[in-house]
Amino acid sequence: MKILAIMLIAALNNAAFAAIPSLPDPADAVFTGGNIYTVSEKQPRAEAIAVKGGKIVFVGTTAGAKAHIGSGTRVIELNGATVVPGLTDSHYHLMGVGLREVNLNLEGTTTLESFLAKVKERVDKTAPGKWVTGRGWIETFWKPQAFPTRQDLDRISPNNPVLLTRADGHASVANTAALKVAGIEKTTADPFGGEILRDKATGEATGMLIDAAQGIVRRHVPGMTEAERADALRLGIQRTLSLGWTQVHTAGGSFADAELYKKALANERAKLRIYHVPHGPGESANRLIREGAAVGSHDGKFTMRGIKVVLDGALGSRGAALLEKYSDEDTTGLLTAKPEEVRPMLIGALRNGLQVQTHAIGDRANRIILDLYEEAFKAVPPEQRKIKDPRWRVEHAQIVTDEDIARFKKLNVIASMQPSHAIGDLFFAPSRLGQKRLAGAYAWQKFLRSGTIIAGGSDAPVERGEPMIEFYAAVARKSLTGESGPGWHPEQAVSRQEALKMFTIWPAYAAFEEDLRGSIEVGKYADLTVLSADIMTIRESDILKTKCVMTVVGGEIAYDGR
Ligand SMILES: [Zn+2]
């Protein structure tokens with residue numbers, strides 16, 4: 001009886017198969033009629049992609065894709081739109097982007113007065129005594145190019161404490177009320193890794209706080225609730241996907257951020273891939289070294305396997321650590337982490353298979369971190385490492401001597417660079433650095449020619465965080481309005497093929513994911529960015545007019561702008 005039953009079921013199964021005339025294994029979705037750049041040398045161009053279970057099962061012609069279309073297959077007609085592998089931003093402050101959406105966004109203010117007007121508007125709507133915080137101003141766009149002062153802010157906010165962070169996050173201006181809450185007086189000493197700018201005549205604080213000095217005031221700003229942070233994250237993720245990013249590397253944060261990200265991925269089915277990199281040295285780094293990396297949870301969308309170190313400040317606020325003095329001030333910048341605290345953390349990270357990503361902008365910071373990496377590589381030989389090639393990174397690598405550029409390749413260190421920084425900074429970099437040092441500034445071609453790959457990013461919200469701005473900056477090396485100037489080194493611009501790799505396959509390598517993503521190939525995740533124009537052939541200036549039409553992550557449409 002039992003055997004008969006099994007035979008009967010088998011017969012029914014066969015009958016069921018026979019009833020479907022066409023496909024044994026149809027795709028979930030097929031994208032057809034596209035102008036596809038695969039970033040795969042085996043098959044550089046294609047028209048169609050079939051997806052099943054979140055992965056690519058076919059790449060080829062529209063006619064060839066027909067064989068994958070069954071009755072349940074979703075067919076998406078691309079109408080000739082350009083498709084590239086899902087873009088990745090290798091240096092992105094996801095929470096910062098979300099918070100910029102909910103707080104006061106000071107991007108694009110062109111004069112001190114327009115900046116103050118925007119702040120006043122917010123102050124007038126804020127209850128007496130409550131804090132006003134914001135981010136995004138850049139004084140180098142103003143005339144004169146001078147930092148704002150507490151007196152400027154006192155004019156529009158005598159009572160509410162105000163703290164406004166420069167776009168780069170390395171400096172903030174506070175008004176007198178905020179300085180008072182924080183207890184900053186004439187006699188207050190500069191903290192390690194920071195500076196309280198003072199009036200040269202009176203010695204009083206000007207309101208400008210550089211790097212670690214910002215913390216003296218910031219710790220008095222009331223924190224956000226978990227629900228408010230979750231809201232900010234939701235807005236940040238939405239904005240990120242709508243711009244065409246399919247993955248971001250978070251460049252700093254905490255375990256609390258990790259929990260928030262995982263909740264968004266699990267409960268809200270957020271579709272952005274997040275490669276999270278908590279800060280170190282300190283508690284987060286120690287915990288990660290102790291507990292080990294988390295790789296590819298939440299359908300491959302969440303990974304935490306790196307530690308972000310911040311070794312110096314930024315060039316704009318003269319915090320970048322230089323080997324020789326700034327050309328326009330009597331300082332060499334500052335270190336924001338102590339090598340003796342970084343050293344043991346590097347050993348632990350190397351033994352336990354963690355990546356280290358160190359922010360180093362000035363040539364001195366770059367040399368110090370390469371020295372520290374080299375020392376750690378010698379102290380922990382490959383056989384004592386959980387991962388033999390740790391793929392450690394230097395974030396920014398903005399001003400680097402020729403001999404240190406060569407050491408990146410020698411040590412197999414990845415340069416993680418942000419093209420938009422160059423086209424913003426080159427307006428003031430010549431006065432900060434002088435012509436000679438500019439030869440090694442934002443030196444993309446020097447890195448590529450020496451055999452080092454570049455993981456491209458935007459550093460949003462330090463910059464706008466838009467992929468087309470980054471792609472344009474990388475290939476044009478001109479300002480958004482087409483300006484260039486002496487010392488801009490146009491020969492350091494990259495080709496469009498190289499720029500595309502900077503935001504696809506090289507970030508995938510920098511995240512140990514080159515077998516999973518970064519190109520459009522069978523077996524990889526179906527992560528795609530669909531664009532309104534062919535960025536590989538259009539006029540340079542038209543790149544900036546190009547829009548993201550659709551963002552696809554793991555075969556699912558995460559943003560649809562059609
Ligand atoms: Zn950053």
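For the single chain, residues carry numbers from 1 onward in sequence order.
- Closest approach of F447 and V400 over heavy atoms only: CZ-CG2, 4.0 Å.
- Aromatic ring centres of F503 and F471: separated by at least 6.0 Å.
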Practice problem: Show the numbers, then the answer: is there a side-chain contact (heavy atoms from CB on, under 4.5 Å) between V277 and M304? | Solution: CA-CA 6 Å; V277 188; M304 176 164 62; over 6 Å; no
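- Contact check on E107 versus R135 returns no salt bridge, with no Lys/Arg side-chain nitrogen under 4.0 Å from an Asp/Glu carboxylate oxygen.
- Taking each heavy atom of L335 and F192 in turn, the nearest pair found is O-CZ, 3.9 Å.
- Atom CD of E41 has 12 or fewer neighbouring heavy atoms from other residues, nucleotides or ligands inside a 6.0 Å radius.
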Under 3.5 Å, which donor-acceptor pairs link side chains of residues 411-419 to any protein atom two or more places apart or in another chain?
from, atom 1, to, atom 2, distance (Å)
S416, OG, E395, OE1, 2.7
Q418, OE1, H396, ND1, 2.7
Q418, NE2, S416, O, 3.2

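- Proximity of a side-chain donor or acceptor of T504 to a complementary backbone N or O of P85 within less than 3.5 Å is not detected.
- Taking CD of Q398 as the reference point, atom CG of L315 lies at 6.5 Å (rounded to 0.5 Å).
- Considering only residues two or more places apart in sequence or on other chains, W392 meets the ring-ring contact (aromatic ring centres under 6.0 Å, His included) condition with Y373, F377.
- No side-chain donor-acceptor contact under 3.5 Å links T358 to the backbone of I369.
- The closest donor-acceptor contact from the side chain of S284 to the backbone of G280 lies at 3.5 Å or more, if one exists at all.
- D425 and Y442 share a side-chain donor-acceptor pair at under 3.5 Å.
- Under the side chain to side chain contact (heavy atoms under 4.5 Å, CB included) criterion, D515 pairs with no residue at all, not counting sequence neighbours.
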Practice problem: Kindly determine whether I453 and Y509 satisfy side-chain contact (heavy atoms from CB on, under 4.5 Å), including the steps that lead there. | Solution: CA-CA 9 Å; I453 62 161; Y509 179 86; 3.4 Å; yes
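- When the shell of 6.0 Å around CG of D299 is examined, it contains 12 or fewer heavy atoms from other residues, nucleotides or ligands.
- Rounding to the nearest 0.5 angstrom, the gap separating the CD1 atom in I454 from the CE atom in M502 is 4.5 Å.
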Self-check item: Stepwise side-chain hydrogen bond (donor to acceptor under 3.5 Å, both in side chains) check, H298 with R273
Solution: CA-CA 9 Å; H298 302 77; R273 293 186 197 277; over 6 Å; no
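- Residues Q247 and R517 bring a donor and an acceptor atom of their side chains to less than 3.5 Å of each other.
- Judged purely by atom type and a 3.5 angstrom limit, T240 uses its side chain to pair as donor or acceptor with the backbone of G236.
- A donor-acceptor pair under 3.5 Å is formed between the side chain of T331 and the backbone N or O of G333.
- By the neighbour-count criterion of 12 heavy atoms within 6.0 Å, atom CD of E483 is densely surrounded, having more than that number from other residues, nucleotides or ligands.
- Side chain to side chain, S317 and R166 fail the donor-acceptor criterion of an N or O pair below 3.5 Å.
- For the ring-ring contact (aromatic ring centres under 6.0 Å, His included) test, residues two or more places apart in sequence or in another chain that qualify with F427 are W488.
- Legend: residues meeting side chain to side chain contact (heavy atoms under 4.5 Å, CB included) with A406, ordered by chain and number and at least two apart, are absent.
- Using modelled atom types, one side-chain atom of D312 and one backbone atom of G362 make a donor-acceptor pair closer than 3.5 Å.
- In this structure the side chain of T246 reaches within 4.5 angstrom of the side chain of T551, judged on heavy atoms.
- In terms of modelled atom types and a separation under 3.5 Å, the side chain of S479 and the main chain of T481 share a donor-acceptor contact.
- Distance CG/D527 to NZ/K301: 8.0 Å, rounded to 0.5 Å.
- E470 and S420 share a side-chain donor-acceptor pair at under 3.5 Å.
- Here the closest heavy-atom approach between residue R364 and residue L322 is recorded as NE-O, 2.8 Å.
- Between atom CD1 of residue I520 and atom OG1 of residue T38 there is a gap of 6.5 Å, rounded to the nearest 0.5 Å.
- Judged by distance alone, the side chains of T250 and H276 do bring a donor and an acceptor atom under 3.5 Å apart.
- A donor-acceptor contact closer than 3.5 angstrom links the side chains of Q214 and S172.
- Atoms CD1 and NZ, from I237 and K271 in turn, are 10.5 Å apart once rounded to the nearest 0.5 Å.
- In this structure a side-chain-to-backbone donor-acceptor pair under 3.5 Å is present from E498 to S495.
- Ring to ring, H421 and H91 are not that close: their centroids are 6.0 angstrom or more apart.
- Qualifying side chain to side chain contact (heavy atoms under 4.5 Å, CB included) partners for Q435, counting only residues two or more places apart in sequence or in other chains: P430, L438.
- Counting only heavy atoms from C-beta outward, the side chains of L500 and V39 approach each other to under 4.5 Å.
- Distance CG/D402 to OG/S450: 10.0 Å, rounded to 0.5 Å.
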Exercise. Would you sort out whether S519 and S40 count as a side-chain hydrogen bond (donor to acceptor under 3.5 Å, both in side chains), showing the intermediate values?
Key: CA-CA 6 Å; S519 61; S40 161; 5.6 Å; no
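- Judged by distance alone, the side chain of R496 and the main-chain N or O of I535 form a donor-acceptor pair under 3.5 Å.
- In this structure, R432 contributes its side chain and R318 its backbone to no donor-acceptor pair below 3.5 Å.
- Considering every non-hydrogen atom in both D89 and S458, the closest pair reads OD2-OG, 2.6 Å.
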